[in-house]
Amino acid sequence: LVHLVESGGGSVQAGGSLRLSCAASGGFDYRNNCMGWFRQAPGTEREGVAAIFTTRGRTTYAGSVEGRFTVSEDITKNTVYLQMDSLKPEDTAMYYCAVHFAYGGRCEILETDFRYWGQGTQVTVSS
């Protein structure tokens, strides 16, 4: 069973930064999986933000965050991070991390690909 725990959310003013963490545990091999970050604001559908192919470091981003957000990992801690800079009020949402086993090397930020999800951490950006 894969267990994901997000942390690092909070409230910040526009232009500020936050770093989210997603710690993975359970009976699975952390290496060579696809870990993604998604977000959902009230009244909207969940959208993909970023993804990383673990241990290979290949990343992909949604256009709305590219250049402002950076996804990275600490392999020794089975943890993925989302560094969020130049935050905007429209970044306000519940942020979730998720993982799938990246069969065939696929790692895109497509919600339907992801199998296991964390509980989420709230990010609020005020203007």
Side-chain angles (χ1 to χ4, degrees):
L1 179 65
V2 178
H3 189 52
L4 303 175
V5 178
E6 303 97 334
S7 61
S11 297
V12 64
Q13 288 191 327
S17 298
L18 284 172
R19 189 178 80 156
L20 307 183
S21 301
C22 174
S25 62
F28 82 114
D29 188 346
Y30 172 82
R31 297 169 296 175
N32 299 318
N33 294 304
C34 182
M35 292 193 73
W37 286 97
F38 294 79
R39 66 186 182 186
Q40 187 170 23
T44 70
E45 294 187 352
R46 189 154 53 186
E47 64 168 335
V49 174
I52 184 167
F53 200 119
T54 60
T55 68
R56 299 189 189 183
R58 192 177 78 226
T59 59
T60 187
Y61 297 91
S64 58
V65 306
E66 193 154 19
R68 299 188 298 122
F69 291 11
T70 304
V71 60
S72 62
E73 63 176 340
D74 185 335
I75 299 170
T76 65
K77 297 180 179 179
N78 286 5
T79 298
V80 170
Y81 303 96
L82 185 68
Q83 177 67 40
M84 305 185 295
D85 299 317
S86 301
L87 282 161
K88 305 174 181 180
E90 51 263 43
D91 295 317
T92 295
M94 184 71 79
Y95 283 71
Y96 301 90
C97 71
V99 66
H100 69 78
F101 298 135
Y103 295 121
R106 177 182 174 92
C107 186
E108 304 297 334
I109 38 175
L110 296 175
E111 182 177 354
T112 52
D113 286 350
F114 288 82
R115 182 173 180 181
Y116 299 100
W117 293 79
Q119 294 300 306
T121 185
Q122 177 67 38
V123 171
T124 302
V125 184
S126 58
S127 57

Pairs satisfying salt bridge (Lys or Arg N to Asp or Glu O under 4.0 Å), at least one member in residues 38-63, at least two apart: Arg39-Glu47, Arg39-Asp91, Arg46-Glu111
Side-chain heavy-atom pair Tyr30, Met35 within 4.5 angstrom cut-off: yes
Results of salt bridge (charged side-chain N to carboxylate O under 4.0 Å, His left out) for Arg31 - residues two or more places apart only: Asp29
Candidate pair Thr55 and Asn32, rule side chain to side chain donor-acceptor pair (under 3.5 Å), full reasoning: CA-CA 6 Å; Thr55 68; Asn32 299 318; 3.2 Å; yes
Pairwise distance CD(Gln83) to OG(Ser21) - rounded to 0.5 angstrom: 9.5 Å
Atom pair CE (Met84) and CH2 (Trp37), whose distance is rounded to the nearest 0.5 Å: 8.0 Å
Shared-cluster residues of Tyr96, by chain and number - hydrophobic side chains joined below 4.5 Å: Phe38, Met94, Phe114, Trp117
Thr60 and Glu108: CA distance, side-chain angles, deciding distance, side chain to side chain contact (heavy atoms under 4.5 Å, CB included) verdict: CA-CA 7 Å; Thr60 187; Glu108 304 297 334; 4.0 Å; yes
Minimum-distance pair of heavy atoms, taken over all atoms of Phe101 and Tyr116: CZ-CE1, 3.7 Å
Inter-residue atom distance Cys97.SG - Ile52.CD1, 0.5 Å rounding: 12.5 Å
Student check: side-chain heavy atoms of Tyr95 and Leu18 closer than 4.5 Å: no
Nearest heavy atoms of Ala41 and Ala93, plus distance in Å: N-CB, 3.8 Å
Side-chain heavy-atom pair Arg106, Asp113 within 4.5 angstrom cut-off: yes
Val71-Ile75 co-clustered via ILVMFWY side chain contacts under 4.5 Å: yes
Distance-only donor-acceptor check, side chains Asp74 and Thr79, under 3.5 Å: no
Reported CG-to-OG1 distance for the pair Leu82 and Thr70, which is rounded to 0.5 angstrom: 8.0 Å
Heavy-atom side-chain contact between Ile109 and Val49 under 4.5 Å: no
Check: Leu20 and Val123 side chains under 4.5 Å, non-hydrogen atoms: yes
Shortest non-hydrogen contact from Ser127 toward Pro89: CB-CG, 3.9 Å
Cys107 to Ala51 - nearest heavy-atom pair and separation: SG-CB, 3.9 Å
